[in-house]
Amino acid sequence: MTAQDQTSHDQSEPTRRPRFRRAADIRRAFIEYFAAKPSPSDGHPIVASSPVVPIGDPTLLFTNAGMNQFKPCFLGQVEPGSPLEGLARATNSQKCIRAGGKHNDLEDVGKDTYHHTFFEMLGNWSFGDYFKAEAIEWAWHFLTGPESEGCMALDPSRFYATYFGGDKSAGLAPDLEARDLWLRHLPPQRVLPGSFKDNFWEMGDTGPCGPCSELHYDRIGDRDAAALVNQDDPDVLEIWNLVFIQYDRQADATLLDLPAKHVDTGMGLERLVSVMQNVRSNYDTDLFLPIFDAIERAARAPRSYRGKLGKDDKDQIDMAYGVIADHIRALSFAIADGATPSNEGAGYVLRRILRRAVRFGRQMMDAPPGFFAALVPTVVDMMGDAFPELRTKAEHIRSVIADEEDSFGKTLDRGIKLFDEVAASGSITGPDAFKLYDTFGFPIDLTQLMAAERGIGVDIAGFEAEMAKQKERSRAGAKSTAGSSIALTTDAVDKLKKLNIRPTDDSHKHAGRTTSAKVVAIWDNKNFDEHANIGTGTVGIILDKTSCYAEAGGQVGDKAKLDVTHERKIGNDHGGGSFRVQDTQAFGGYVLHIGLVARGEIRVGDVVAIKPDNAHRQPAQANHTATHLLNKALRDVLGDHVDQKGSLVAPDRLRFDFAHNKPVTDAELADIEQRVRTIISDKQVVTASIAPLYVAQGITGLRAVFGEKYPDPVRVVCIGADVQDVIADPENERWADCSIEFCGGTHLATTDEAEAFAITSETGIAKGVRRIEALTGKPALAAMAAAHAFAERIAKAQSLSATELTTEAKAIATDMDAETLSAASRAQLKGQLATLNDKLKDAAKAVAAETRARVEGEARVIAQNAAGSPNAFIVSRVSAGSDRQALQAACKLIRDKLPKHAVLLASADETDPAKPQVAIIAQAPKDLIARGIKAGDWVRVTAEAVGGKGGGKPD
Ligand code: SER
C-alpha cells in the first residue's frame, strides 16, 4: 500500500480499508503481535489488565499506566511465589484512569479530541530483559510493517520520534542511544530532542521512572509537522510512549539507579484506533459512537452527535456527548473493579466524575433523571468481551450509578437554590464558589456563567485558594510511603542480592515454633551494620530463616524475642545478647525483624533462637480463622455479592470490610454471629496446603478477593474439610458448605481454639461497603459474659419498686454504653430495657390514676364538710404526695362544688424521709380577691412557714 492510499483525509469516503479496522481487532492485533515477539515460543506473556483501582499500592488513587502492576518487577521487589516472579516480559491492554494525582485529565475531557479519564493503554514490557534497541525496533515495525505480519501498515512518512534531550539542572545526559536508534528509520529532521517535562516519565511522586521516547503521528501528512509535535495540535498526536526505566524516585526527590534496566511502553488504544479509522478525533471511533447513540436515546437529546468542538459547538451539545460517554466508561470500569463514589480518595474522584457527567446531561441536553445509569448496558455490551468483569458486575454497576445519580439530582436542585441565595448578596465569594463546585458539582465556569447572567462577579482567587486546600487534602489521602519505621529500599534489596544474601526462608512461619537461625544482615534504615547494641535504636535484623510471620494479607506482623545462642562464628565471640522484635515486615523476600536490642549485643554471624511471642500470635491466629468463618457466614446469610473489600487481623480484634448496599439488620447479625459460634464449638479442623492455581481456582465455594494477584502455586486454607480431599476432588459440591480461601496467613489448628466470637459493631464506611468489627478468645468471652450480666440485671429490675426501677433502668443504659458487647446482644438488651421502661411508664400511669382517685375522694369529703359551715375559707390536707395533677384535680373539684370559697390544700411527700417535702395549692374566687384574699400571696406565706418558696396569680 502506498503512502497516498493511506493519507486520504476525507472522512465520508475513506479509500483505505485496513484489515484492522474495528477497535476490538486492533486491541487483539497488538497483544498477539507482542505475544509472539521475538518468537512464538519466547514471546511476551499476556498478563491480564490489573484492576483500575489498584490493590495494595497506597501511592496511587487509580491505575494510571500499564506499568503500575509491574512496579515490584522494576524495583526488584517481587515477593517469592508471586505470579510476577521470574517474569521477564509482558504485554496487555491495561485499563487506566487519569483523573487524580500526578496524571489528571478530568477537566480537559470534552474540550479536545484526545483526552479521556478512562482509556486503554496497549503495552509491552521488559523486566531487565531487552532494552532500547528491541523496544524501538518492534514499535516501529508494529506501526509501519505489513498487515500480513499482524502490523498496522501505517505510512512511515507520518511519524516523528522524540528522545530525551537531557537536563543539566537534574544532571541527566541526553538519550543519544535512543536518538540513533530512531535515525535508522526516520530522517534527522523528524527525530526531535524533548524536555524533561515531555521526555522523562514518572509514575507518581515516587517510584520507577526514566527517560522516554515518544512516537507522534501526523494525521494530515505531506508536510513538515515537526513544529507541531507536543503542541496539543489535534492533528499531530503522540500515540506511543517508550519509557526506559532506570531510576527509582525517592520521597526526598532524589533518583536512585535501579539494579536493572527495563522497558515500559504505552500506546493509547483510542488514539491508535482513531488513526486506523482515519478520523480526526478519538471520539469519532467505534469505541464511542455506539455510546453516543445510547446517550441520544437515554437523554432524549435535542440533536445527534456532530463531532464539533469549542466555538463550532455553539450549543455545547457535542461537548456534553463527549463528557458523558467518557465518564460512563470510567465509572463502569471503576465500579466493576470494586470502587464506589464516596467522600474520600478515589471514591471522591468518582463522585466528581459522575456529577460532571450528570450536570452536562441535565444542563446541555435537558436529560431526564436516570439517563446516566441507563448507559451502562451499552458500555457492558461494547467492552464485555475484552473485560468480562463488566458482564459479571453489570447490575451492580448500574445500581450504584443509579443511586448516586439520584442523590446528585437532589443535590443539583439544592445547588441552584444555594446559588440563588448567595447571589442575592451581589457577588459570589471564593468559599461559596468552592462549595458549589465541591458539594454541588458546579464547575467554576458554570458559576461564572450563572453569575454573569445576573451581572455579578465571582471571587476567582478565593476559589483557587480553596481548590489548593482541597488538593492538599486529596494528596494526604494517597500516602507516599508505607507504615513501618524501618523499611528496605530498592537499593538495599539490591545490595543484599549483590552480597549474595538469599531471601529469607520463611517456611517455618506458619508453625511459628522456636527455631534457630543465623543473623545475615542488620539494617538501620540507611546502612547495613555489623552489629547492634542497646544504644543503637530501632533496627531490622535479617535472618537466614525465620518462624516469624511478616505482615501480609491484613494480618499484622509477629512480635518475638531473638536470643543469641552459644554457637557463634569463630572470631565473633561476644557476651551474647537478646533482641526484642516489635514488628515483622517483608521486602522483596527479605524478612525484617524490626525492634531493639534488649541486652548485650547482636552481630552478623550470630546464631539466635527465635521465640515468637505467642501472646501476640495466638490471638491473631484466632482472629484470622474467625475472619474466614465470618466471610463464609456473611455470604450464607446476606448472599453471594458479599465480596471482601478489606481486612485487618490484629491480636486484639478483627475488622472485615465487604460489599453490601444496606445495613445488616440485628437479626442478620445475630444469625451471622451464631453461625460462627457454632463452627467454633464444632471443633472443626483448619488445614492448609499449596496447590496449583488452576486446580485451586476450580474449587467449589472458594472465596478469593476479586482482582488480587495470587501466586501459583497458591496456598489454600480449608475449614470443615481436609484440604487434601478438597484438592483431590476440587469440584465436589460438598465443599460449598466449607470455608475455603486463598490465604498466606497463620491459623488455628482447630476452630475451638478461638473459644468465642462476638461482632461488636457493624457500620457503613462508603456507599455499598460495610464494616464489621469482631472479637475472639478472652475479649469475646468477656463481651458475652457482660451481656449475660446485663440480662440478669434487667430481669432482677422487674421486681423493683417504680422509683427504684427508674434509677436502675437509667444506670443500666449508661453502663451498657460503656461496655464492649456483641452488637446483636446490645440490640436485644436495648429491647428488653425498652420493655422495662414501658412497664415503668405503665406503672407510673397506674399510680397517678390511683392517687388522683383517692385525692378526689378526699376533696369530695372536704367540700361536703365545708358546705355546711358558714366559713368561706378551706384549709386542708390531702394525700397527693407531690403529684401536682392530683392536687389540681382536688382543687377543681372543690371549686366546682363551692365556687365562692377560697381553698388552700397542702400535701406531704415523704417518699425520701431524709428530704420530706410539702406541696401547696390555693385558689380564690373573684369577690374574695377583691377583698384582699390573693391565692398567690396565700401560697407564699404558707410556703415560707414550712421553709419553702411559692407564689402565683391572685386567683
Ligand atoms: N508508563 C508510560 C506512560 O504511561 C508508558 O507506558 O506513558
Side-chain angles (χ1 to χ4, degrees), residues 797-814 834-955:
Q798 311 271 8
S799 53
L800 294 175
S801 74
T803 343
E804 286 168 329
L805 184 57
T806 320
T807 327
E808 174 67 351
K810 270 198 205 122
I812 295 178
T814 318
T835 328
L836 212 59
N837 279 322
D838 286 347
K839 205 180 251 174
L840 209 56
K841 274 189 214 132
D842 291 346
K845 262 191 221 145
V847 170
E850 218 171 81
T851 309
R852 187 174 165 151
R854 185 182 63 242
V855 174
E856 282 180 337
E858 291 167 7
R860 212 167 282 121
V861 175
I862 294 168
Q864 264 162 23
N865 292 345
S869 103
N871 206 336
F873 299 97
I874 298 171
V875 175
S876 191
R877 174 177 179 162
V878 288
S879 65
S882 45
D883 185 337
R884 294 167 65 107
Q885 262 137 23
L887 269 178
Q888 274 165 357
C891 245
K892 180 170 182 295
L893 190 139
I894 297 175
R895 189 183 52 209
D896 289 349
K897 295 206 184 300
L898 304 170
K900 296 205 154 20
H901 280 61
V903 188
L904 182 141
L905 298 177
S907 163
D909 176 3
E910 285 167 315
T911 29
D912 183 355
K915 261 199 336 203
Q917 304 204 7
V918 180
I920 301 162
I921 189 168
Q923 68 188 15
K926 266 203 193 106
D927 42 343
L928 286 182
I929 295 174
R931 287 162 59 192
I933 308 298
K934 293 183 183 147
D937 294 347
W938 200 7
V939 167
R940 180 170 45 77
V941 174
T942 318
E944 276 165 10
V946 292
K949 277 188 192 148
K953 283 188 274 174
D955 61 347

Exercise for the section: Output, in order, the C-alpha distance, side-chain angles, deciding distance and verdict of side-chain contact (heavy atoms from CB on, under 4.5 Å) for Ile920 and Val918. Expected result: CA-CA 7 Å; Ile920 301 162; Val918 180; 3.9 Å; yes
For the backbone of [Y] and the side chain of [X], can you confirm whether one donor and one acceptor N or O come within less than 3.5 Å of each other?
X: Glu808; Y: Leu800; answer: no
X: Glu804; Y: Ser801; answer: yes
X: Gln923; Y: Cys891; answer: yes
X: Arg877; Y: Leu905; answer: no

[X] to [Y] - nearest heavy-atom pair and separation:
X: Ala902; Y: Ile933; result: CB-CG2, 4.3 Å
X: Ala935; Y: Asp955; result: CB-C, 3.7 Å
X: Ser879; Y: Ser907; result: C-OG, 4.2 Å
X: Leu928; Y: Lys900; result: CD1-O, 3.7 Å
X: Leu805; Y: Ala797; result: CD1-O, 3.2 Å
X: Ala924; Y: Pro954; result: CB-O, 3.8 Å

So, taking the atom named [atom1] in [X] and the one named [atom2] in [Y], what distance separates them when rounded to the nearest 0.5 Å?
X: Ile874; Y: Ile894; atom1: CD1; atom2: CD1; value: 5.0 Å
X: Leu898; Y: Leu893; atom1: CG; atom2: CG; value: 9.5 Å
X: Lys934; Y: Lys953; atom1: NZ; atom2: NZ; value: 14.5 Å
X: Lys810; Y: Thr814; atom1: NZ; atom2: OG1; value: 9.0 Å
X: His901; Y: Ile862; atom1: NE2; atom2: CD1; value: 12.0 Å

Exercise for the section: Check whether any side-chain heavy atom of Val855 lies under 4.5 Å from a side-chain heavy atom of Leu887, and answer yes or no. Expected result: no
Problem - Heavy-atom side-chain contact between Trp938 and Val903 under 4.5 Å - result: no
Handout entry: Intermediate values then yes/no, side-chain contact (heavy atoms from CB on, under 4.5 Å), Lys897 and Arg860
Key = CA-CA 9 Å; Lys897 295 206 184 300; Arg860 212 167 282 121; 3.9 Å; yes
Practice task
Could you tell me whether Asp927 and Arg931 have a side-chain N and a carboxylate O separated by less than 4.0 Å?
Solution key: no
Problem - Sidechain N-carboxylate O distance under 4.0 Å for Lys839, Asp842 - result: no
Exercise for the section: Can you establish whether the number of heavy atoms outside Gln885 located under 6.0 Å from its atom CD is more than 12? Expected result: no
Problem - Residue Arg852 excluded, over 12 heavy atoms near CZ under 6.0 Å - result: no
